[in-house]
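By convention here, the first residue in the shown sequence is residue 1. Both ligands and their constituent atoms are indexed starting at 1 by order of listing. Side chains are part of it too, since the values below use all heavy atoms of this structure and drop only hydrogens, waters and symmetry mates.
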Amino acid sequence: MAVPDNFPSESALDDWLTRPCARLIEFIRTLSSPLVILGAGGKMGPTLAVLARRAAEAAQHPLEVIAASRFGDPRIRVWLEERGVRTCSVDLLEADGVRRLPDAQNVVYMVGLKFGTSKAPAMTWAVNTLVPERVAARYPQARIAAISTGNVYPLAEVRRGGSVETDSLHPLGEYANAAVARERLFEYVSRRQHTPVVLLRLFYAVELRYGVIADLARQIQAGTPIPLANGWFNCIWQGDANAMIIRGLDLAASPPAVWNLCRPELFSVREVANKLGTFLDRAPEFTGAESQTALLGNAAGLCRILGEPPTPMDTIIRWVADWVRSGGRTLERPTHFEVRDGQY
Ligand SMILES: NC(=O)c1ccc[n+]([C@@H]2O[C@H](COP(=O)([O-])OP(=O)(O)OC[C@H]3O[C@@H](n4cnc5c(N)ncnc54)[C@H](OP(=O)(O)O)[C@@H]3O)[C@@H](O)[C@H]2O)c1
């Protein structure tokens, strides 16, 4: 299938985001049914669940995919059910929440709370620490692929090429520290009951409706100056991230395996904005200047094991520019990639 030049509609975009690659189709055959995805109602979960479902269909493998979340937006539940994914509406902070989850040998964990931390830090800590402990204890025998975040690292020297998995974790801000606690609780339970876990420290996932590239494009289009202090970033096309997360189940171990997840390159905010500006026929405005540090990760290790994410940055830039120029929908959930003090 040829890579599209652009996406005329959200359904075309969703179709592309949920199209399984050969490696995923091959891997999905190895999973016993069901595959449970927790926190599936957010920005990534719906397309991850349908990607898994379509991979199983392509492999002619009878894998039930069960998406569990609170589903505050009931349309997401309907969207998933229409595409053959079973849904389970559950608040995992409630006392009986994890007991209502189906048994499974493979679990993808996507539950998280980031934005609004400054206003409601207690909720951030509860979601990012109580829920992981309960889920890991609920699935002592299962392999768990738990999505963590690059925010667990402090800002890194740009010239070093990004934090590596063995670096110490002493980030700024309550969200980032709660994310460190999330990892430590998975590790604690994994060591205690020998549960195989892989912690995937995701840097920015991007697609057309949200993400760093969409944020930059919208700032350029609105003539809003782009802050340069956090002048470098990592990211990965969401479809590639989702496929790597599912395949990452194979890397689960006790004590947990830990990998950075993003494209292998570092990207300059200034360069990416200038490329977007060319497509948008508008020169970006900037404020400030690049610092020597940024929130950056080195994903060479995971790319060596699972292969480099197939979607190149220039393609993503072209897609996003076209989407924004033609008035495509935004989720209105800015990434705040410019934040350097950990206050979300
Ligand atoms: N997207 C990125 O670029 C990125 C980057 C780094 C790390 N991550 C992490 O990767 C994970 C998935 O990303 P995402 O962008 O899809 O996150 P997201 O949009 O914040 O989705 C997380 C989902 O977790 C569910 N959740 C929260 N509290 C819950 C509870 N008590 N019980 C059940 N479900 C609950 C929510 O589902 P409902 O809406 O159904 O309640 C929410 O939509 C998150 O942990 C995120 O922090 C994402």
Side-chain angles (χ1 to χ4, degrees), residues 17 36-49 51 66-80 87-98 100-101 107-117 120 122-135 138 144-153 171 175-176 178-183 186 199-207 209-215 233-242 244-245 248 259-263 295-297 299 316 331-337 339 344:
L17 281 168
V36 168
I37 300 158
L38 305 177
K43 299 184 292 300
M44 300 180 71
T47 53
L48 183 141
L51 176 68
I66 304 178
S69 218
R70 292 170 307 190
F71 294 115
D73 180 349
R75 286 170 302 182
I76 293 175
R77 206 171 172 187
V78 173
W79 189 86
L80 284 164
T87 59
C88 167
S89 179
V90 60
D91 184 339
L92 295 170
L93 270 180
E94 284 181 0
D96 71 336
V98 291
R100 295 180 39 221
L101 295 173
V107 175
V108 173
Y109 182 91
M110 313 193 85
V111 178
L113 183 61
K114 176 175 186 180
F115 296 111
T117 297
M123 190 58 163
T124 297
W125 282 94
V127 171
N128 293 320
T129 62
L130 296 176
V131 178
E133 192 278 332
R134 290 174 188 171
V135 164
R138 164 70 181 83
I144 303 176
I147 316 311
S148 179
T149 167
N151 284 92
V152 294
Y153 297 114
Y175 163 66
V180 175
R182 171 169 61 187
E183 287 198 4
F186 271 119
L199 297 166
L200 295 167
R201 292 178 181 158
L202 176 61
F203 289 73
Y204 294 107
V206 297
E207 50 116 293
R209 293 163 291 201
Y210 86 100
V212 187
I213 316 300
D215 287 354
F233 65 98
N234 304 98
C235 68
I236 179 170
W237 177 247
Q238 181 166 295
D240 297 346
N242 282 343
M244 289 172 85
I245 290 166
W259 295 107
N260 291 338
L261 172 57
C262 55
R263 286 202 58 80
L295 181 68
L296 288 174
I316 300 171
L331 295 186
E332 314 252 7
R333 294 202 221 166
T335 55
H336 298 292
F337 69 89
V339 166
Y344 292 102

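- Residues that satisfy the ring-ring contact (aromatic ring centres under 6.0 Å, His included) test with Tyr153, not counting sequence neighbours, are absent from this structure.
- The shortest heavy-atom contact between Tyr210 and Lys43 is CE1-CE, 3.4 Å.
- When each of Leu93, Asn128, Val131 is checked for a side chain to side chain contact (heavy atoms under 4.5 Å, CB included) with Val111, only Val131 meets the rule.
- When side chains are defined from C-beta on, Tyr109 counts as touching Arg182, because their heavy atoms get closer than 4.5 Å.
- At a heavy-atom cutoff of 4.0 Å, ligand 1 is surrounded by Gly39, Gly41, Gly42, Lys43, Met44, Ser69, Arg70, Phe71, Gly72, Val90, Asp91, Leu92, Leu93, Met110, Val111, Gly112, Val127, Ile147, Ser148, Thr149, Tyr175, Arg182, Leu202, Phe203, Tyr204, Ala205, Tyr210, Arg333.
- Using a 4.5 Å heavy-atom cutoff, the side chains of Glu207 and Thr47 are not in contact.
- Side-chain atoms of Asp215 come within 3.5 Å of backbone N or O of Thr335 as a donor-acceptor pair.
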